[in-house]
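Structure first, then comments.
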Amino acid sequence: MKDSVITAQQTPSAQRTTRDLTRAAVSGWLGTAMEFMDFQLYSLAAAIVFNKIFFPDVSPAIGLIAAMATYGVGYVARLAGAVYFGRMGDRIGRKKVLYLTILLMGASTTLIGTLPTYATIGILAPVLLVVLRLVQGFGAGAEIAGATVMLTEYAPVHKRGLISSLVSLGTNSGTLAASGLWAVLLAVLSEDQLLSWGWRLPFLLSFALMIFAVWLRRSLKESPVFEQRPDVVDGVALARDEVESAIATADSHKGGVLAAGIRQRKGKAFFLALGLRFGQAGNSGLIQTFLVGYIATNLAVGRSVPTDAIVYGSLAGFATVPVIGLLGDRFGRRAVYLTLSFLTTVLAFPVMLLITSGSTPGVMIGMALGLNIGVLGLFSLESVTMAELFGSRTRFTQLALAKELGGILATAIGPVLAATLTAVTGSWWPIAAMLIVYSLITLVSAYLAPETRGRDLVRLEDAV
């Protein structure tokens, strides 16, 4: 039952050229790259320098916890952005929302690079940091969801997993760019140079990327699925009462299609998507954020080793992500989800043993394995599966909410919880335990979810 592919007749796609698909793919990749570059720049800065320049009057352990908490507040703003922009994207289209989100993200990230430090203006410095983090999060709350929806709705059905994985490659590209910038700074700058002015450079450089992304999205065409929705008239979705009126006057076929979209009880698909998100989001917060600071603070390795490990792991991800997308197209989403979640669970302790071995190769191999199996592999599947789970009438909103709630519950809280548990226990085992818990939640969710490969994305109702 759960393994059966949904075989509803596919709705013919609105006409789009290869050039349109390419532009949508590049736009989705670039916007997601920018989002993850912005957030990775911040997370690495929080792990490496923010505890010293914004929270200097506390112990190193408390400073790391405070910096991670500041990192986490952005996820609260992301939830507000998901609700606001998600509803807008479902009502007036995906394109307009993606234009606004890229502007908000880019402007706030650039301004972080201009902030005075605690030594200059005291407590106002971390306050301003939190404000800009909130603005950054508000824009980012719908960026990856919008890019995911847009690219999935553009993609040919038999290549949906592969093409949608470009969104995940965007996350990988952003992570790589941010980690590469920090790796260079750590390699060429002294501690004093890094703390006085060097940390600002990555944030200021993101301005050029924002300008290019805005230019690209100005000429992007609307999602063909949005244009085909039976509840969209003149580019705007009908309100519920208007749909009810349309049902009463429509023929039996169109009336049934509209009724299925607005009368279905919501909830099951959302909670399944939230569970699928949980493993990837939680693992990402631990591996890409917390472990960078933990390794630099607690292990006898060079300060550039953790950022170098993220760089090498991200490079490997350029092969991992499309391969997982292809496997999802070939064998279905559930089978690959179950495999990756299981592997992450059984490898959690071996990976942490490698990372905490004290050897540079061990750190590199452990971080690369954890990143590619437990984060990037799952993200490649998540991009298409969550979009396929939801009906087109509320796809943007539900997908954005599932992603951001998962982010709050796992990615934002996880690094703070890990910092606290490792400080209390004096050991690394809580990190491995958290990786296992996150991955088991996704494994169970994948088991309970229907197979969504091949689903008609124009349908208004959810897959379950």
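The figures here come from the full heavy-atom set of this structure, side chains too, leaving out hydrogens, waters and symmetry mates. In this text the structure is predicted, and so the values were computed from the model without any measurement.
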Mind checking whether Thr339 and Leu327 have side chains closer than 4.5 Å, heavy atoms only? no
Tell me, do Phe318 and Ser173 make a side-chain contact under 4.5 Å, heavy atoms counted? yes
So, does Arg393 use its side chain to make a donor-acceptor pair with the main chain of Ile262 at under 3.5 Å? no
Gap separating the OH atom of Tyr154 from the CG atom of Leu457, nearest 0.5 angstrom: 14.0 Å
Is a side-chain donor or acceptor of Ser165 paired with a backbone partner of Gly325 at a separation under 3.5 angstrom? no
Using the side-chain contact (heavy atoms from CB on, under 4.5 Å) rule, take Phe379 and Ile144 through it: C-alpha gap first, then chi angles, then the decisive distance, then the call. CA-CA 11 Å; Phe379 215 154; Ile144 194 167; 3.1 Å; yes
Please answer whether the main-chain N or O of Gly89 pairs with a side-chain N or O of Arg94 as donor and acceptor at a distance below 3.5 Å. yes
Lys266 and Thr394, any side-chain heavy atoms less than 4.5 Å apart: yes
Looking only at the aromatic ring of each residue, does the gap between the centers of Phe85 and Phe138 stay below 6.0 angstrom? yes
Spacing of CZ belonging to Arg277 relative to CG belonging to Leu401, to within rounding of 0.5 Å: 12.0 Å
For Tyr312, is the OH atom crowded, meaning more than 12 foreign heavy atoms sit under 6.0 Å from it? no
Nearest heavy-atom neighbours spanning Leu399 and Met386: CD1-C, 4.0 Å
Strictly by modelled atom types, are Arg217 and Ser27 linked by a side-chain donor-acceptor pair under 3.5 Å? yes
Trace of the side-chain hydrogen bond (donor to acceptor under 3.5 Å, both in side chains) decision for Thr101 with Glu143: CA-CA 6 Å; Thr101 56; Glu143 169 60 36; 2.8 Å; yes
Checking side-chain contact (heavy atoms from CB on, under 4.5 Å) for the pair Tyr294/Leu291: CA distance, chi angles, key distance, verdict? CA-CA 5 Å; Tyr294 180 83; Leu291 276 176; 4.2 Å; yes
Has Ser284 got a side-chain atom pairing as donor or acceptor with Gln280's backbone, closer than 3.5 angstrom? no
Looking at every heavy atom in both Ala269 and Leu389, which two are closest together, and how far apart are they? CB-O, 3.9 Å
Can a donor-acceptor pair be found, under 3.5 Å and without considering hydrogens, that links the side chain of Arg395 to the backbone of Ala387? yes
Look only at the side chain of Ser392 and the backbone of Arg459, and say whether a donor-acceptor pair between them is shorter than 3.5 Å. yes
Using side chain to side chain contact (heavy atoms under 4.5 Å, CB included) as the criterion, point out the one residue from Ile436, Val351, Thr422 that pairs with Ile431. Thr422
Taking it one step at a time, do Val83 and Glu404 satisfy side-chain contact (heavy atoms from CB on, under 4.5 Å)? CA-CA 10 Å; Val83 174; Glu404 300 315 321; over 6 Å; no
Go through the steps for Leu204 and Thr114 under the test side-chain contact (heavy atoms from CB on, under 4.5 Å), then give the verdict. CA-CA 8 Å; Leu204 297 175; Thr114 69; 3.9 Å; yes
Over 12 non-hydrogen atoms of neighbours within 6.0 angstrom of OH in Tyr84: no
Around atom CZ of Arg91, are there more than 12 heavy atoms of other residues, nucleotides or ligands at under 6.0 Å? yes
Looking at every non-hydrogen atom in both residues, tell me the closest pair between Thr452 and Arg333 and how far apart they are. OG1-CG, 3.6 Å
Looking at Arg455, is its backbone amide N or carbonyl O close enough to the side chain of Arg160 to form a donor-acceptor pair, meaning the two atoms are under 3.5 Å apart? yes
Can you confirm whether Leu435 sits close enough to Ile287 that some side-chain heavy atom of one is under 4.5 Å from a side-chain heavy atom of the other? yes
Main-chain N/O of Ser439 paired with Asn283 side-chain donor or acceptor, under 3.5 Å: no
Smallest separation among heavy atoms of Leu272 and Pro450, with atom names: CD1-CD, 4.1 Å
Should Leu209 and Leu30 count as side-chain neighbours, where that means a heavy-atom distance under 4.5 Å? yes
Test item: Tyr447 and Tyr337 side chains (from C-beta on) under 4.5 Å apart, heavy atoms: no
Rounded to the nearest 0.5 angstrom, the CD-CD1 distance for Gln136 and Ile112 is 4.5 Å
Could you state the interatomic distance from OG1 (Thr345) to CD1 (Ile373), rounded to the nearest 0.5 Å? 11.0 Å
Look at the side chain of Gln264 and the backbone N and O of Asp462, then say whether any donor-acceptor pair between them is shorter than 3.5 Å. yes
Does a sphere of radius 6.0 Å around CH2 in Trp29 hold more than 12 heavy atoms from other residues, nucleotides or ligands, not counting ones at 6.0 Å or beyond? no
Heavy-atom check, side chain of Asp90 versus side chain of Phe390, under 4.5 Å: no
Identify the heavy atoms of Met34 and Ser206 that sit nearest to each other, and give their distance. CE-O, 4.4 Å
Nearest-0.5 Å distance that lies between atom CG in Leu286 and atom OH in Tyr438: 5.5 Å
Please determine if Arg334 and Glu388 form a salt bridge, counting it only when a charged side-chain N lies under 4.0 Å from a carboxylate O. no
What's the spacing between Met210 CE and Ile102 CD1 if we round to 0.5 Å? 9.0 Å
Testing Val149, Thr385, Val384 one by one against Ser164 for a side chain to side chain contact (heavy atoms under 4.5 Å, CB included), which residue passes? Val384
Test item: Trp199 and Thr117 side chains (from C-beta on) under 4.5 Å apart, heavy atoms: yes
Please report the closest heavy-atom contact between Ala432 and Ala348, naming both atoms and the distance. O-CB, 3.7 Å
Return yes if a side-chain donor-acceptor contact under 3.5 Å exists between Ser168 and Ser383, otherwise no. yes
So, Asn372 side chain and Gly313 main chain: donor-acceptor pair closer than 3.5 Å or not? yes
